[in-house]
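Hydrogens, waters and symmetry mates are skipped; everything else that's a heavy atom, side chains included, is used. Since the model is a prediction, treat every value here as computed from it, not as a measurement.
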Amino acid sequence: LNSILLALRKWRVPMIALPGNHDQSTLNGQVHALTPLSLVMPYCRVISKPTVLLGALWMPYSRDLDLLRATMAQLTAKDTPPPASTLNGPHSTCLTPTSRLG
């Protein structure tokens, strides 16, 4: 794993990563296998909670249907999507040296 992470550290293409059902190690999805990517890839944004980014809703896999319903209700109740900060979690992004990811 360490050699792979060292190689990924050199990756310079901006990317967005969403935890899927096979990435999660807890039922709520907050602990997942993509955390190491966010620690070593400066051009990577790992989205761990529902987030509006680049005009789209990004939803990591979740077993919590109430979260999905509440997120969709929040977005459809308004004419415009909420700012990303209202949906982002505290660990939803990693540092990006480029502004191309928002």
Side-chain angles (χ1 to χ4, degrees):
L1 177 63
N2 290 341
S3 60
I4 293 170
L5 291 175
L6 288 173
L8 287 173
R9 179 179 278 176
K10 298 174 186 173
W11 186 270
R12 296 292 179 247
V13 178
M15 69 178 260
I16 298 171
L18 293 171
N21 61 321
H22 293 283
D23 298 313
Q24 300 174 354
S25 58
T26 58
L27 285 176
N28 68 6
Q30 292 306 299
V31 178
H32 54 76
L34 299 185
T35 301
L37 296 182
S38 68
L39 298 175
V40 301
M41 297 180 70
Y43 291 86
C44 170
R45 177 172 280 187
V46 176
I47 298 177
S48 301
K49 291 191 178 226
T51 301
V52 174
L53 178 68
L54 302 174
L57 173 62
W58 299 80
M59 288 279 301
Y61 178 82
S62 176
R63 293 177 180 93
D64 186 352
L65 291 178
D66 291 333
L67 173 65
L68 174 62
R69 289 183 184 113
T71 301
M72 296 308 295
Q74 180 181 2
L75 289 174
T76 57
K78 301 176 182 179
D79 292 333
T80 59
S85 62
T86 64
L87 292 176
N88 284 350
H91 305 290
S92 63
T93 62
C94 59
L95 299 176
T96 56
T98 177
S99 62
R100 295 189 325 193
L101 286 178

Q: Same cluster or not: Val31 versus Leu1, using hydrophobic residues (I, L, V, M, F, W, Y) connected whenever any side-chain heavy atoms lie under 4.5 Å apart?
A: no
Q: Treating Ile, Leu, Val, Met, Phe, Trp and Tyr as nodes and any side-chain heavy-atom pair under 4.5 angstrom as an edge, say whether Leu6 and Tyr43 lie in one connected cluster.
A: no
Q: Distance check, rounded to the nearest 0.5 Å: Leu8 atom CG versus Leu39 atom CG?
A: 12.0 Å
Q: Can you tell me which residue among Asp66, Leu57, Asp64 is in a side chain to side chain contact (heavy atoms under 4.5 Å, CB included) with Thr71?
A: Leu57
Q: Check whether more than 12 heavy atoms from other residues, nucleotides or ligands sit under 6.0 Å from atom CZ of Arg9, and answer yes or no.
A: no
Q: Working to the nearest 0.5 angstrom, can you tell me the gap between Tyr61 OH and His32 NE2?
A: 14.5 Å
Q: Is Met72 reachable from Leu67 through a run of I, L, V, M, F, W or Y residues, each pair having side-chain heavy atoms under 4.5 Å apart?
A: no
Q: Give me the atom names and distance for the closest heavy-atom approach of Pro50 to Pro60.
A: N-CD, 4.0 Å
Q: Out of curiosity, Ile47 CD1 to Leu53 CG, how far, rounded to the nearest 0.5 Å?
A: 5.0 Å
Q: Quick one: pull up CE in Met15 and CE in Met41 and give me the separation to the nearest 0.5 Å.
A: 4.5 Å
